[in-house]
Amino acid sequence: MRLSAGLFAESGCTPLTAVQKLKSIAQDLGLSMPQLALAWILRDERVSSAIIGASRPAQVVDNAAASGVKLDADILAAIDQILAPVAQK
């Protein structure tokens, strides 16, 4: 899936709106935004690893913590709904 900034305008959704909604989900789960993103991508059985970067040791620890996060079906549906206007499969 790719995200297309051009489709934000067509859907009436802005990148900021989508990020704010995702941030709210992350906060409700007690996760950082990177942890939510990594948990979301790693839940796909077709993904064996995610290439991530870190410039500080704390980021490495934060990213590693996402490996044990399991997102339930309701959370995944909410994320997919937020991304639907801008996602291209």
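Atoms considered below: every heavy atom in the structure, side chains included; atoms not considered: hydrogens, waters and symmetry mates.
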When rounded to the nearest 0.5 angstrom, what is the spacing between [atom1] in [X] and [atom2] in [Y]?
{"X": "Lys70", "Y": "Asp72", "atom1": "NZ", "atom2": "CG", "result": "12.5 Å"}
{"X": "Leu42", "Y": "Ile52", "atom1": "CG", "atom2": "CD1", "result": "8.5 Å"}
{"X": "Leu29", "Y": "Ile75", "atom1": "CG", "atom2": "CD1", "result": "4.5 Å"}
{"X": "Lys23", "Y": "Leu16", "atom1": "NZ", "atom2": "CG", "result": "10.0 Å"}
{"X": "Arg43", "Y": "Leu71", "atom1": "CZ", "atom2": "CG", "result": "8.0 Å"}

N/O donor-acceptor pair under 3.5 Å between [X] side chain and [Y] backbone:
{"X": "Asp62", "Y": "Ala58", "value": "no"}
{"X": "Gln59", "Y": "Arg56", "value": "yes"}
{"X": "Gln35", "Y": "Ser32", "value": "yes"}

TODO: Applying salt bridge (charged side-chain N to carboxylate O under 4.0 Å, His left out), name anything that partners Asp44, two or more places apart in sequence or on another chain.
DONE: Arg46
Open item on the list: With a 4.5 Å cut-off on side-chain heavy-atom distances among I, L, V, M, F, W and Y, is there a chain of contacts connecting Met33 to Leu76?
Closed with: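 Linked, Met33 and Leu76 end up in one cluster.
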Open item on the list: According to a hydrophobic-cluster definition based on side-chain heavy atoms being under 4.5 Å apart (Ile, Leu, Val, Met, Phe, Trp, Tyr only), do Leu31 and Val61 belong together?
Closed with: no
Any [X] side-chain heavy atom under 4.5 Å of [Y] side chain:
{"X": "Asn63", "Y": "Val60", "result": "no"}
{"X": "Ile79", "Y": "Leu36", "result": "yes"}
{"X": "Trp40", "Y": "Val69", "result": "no"}

- [ ] Would you name the heavy atoms of Ala50 and Leu38 that are closest together and state the gap between them?
- [x]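 Nearest pair, atom of Ala50 first, then Leu38: CB-CD2, 4.0 Å.
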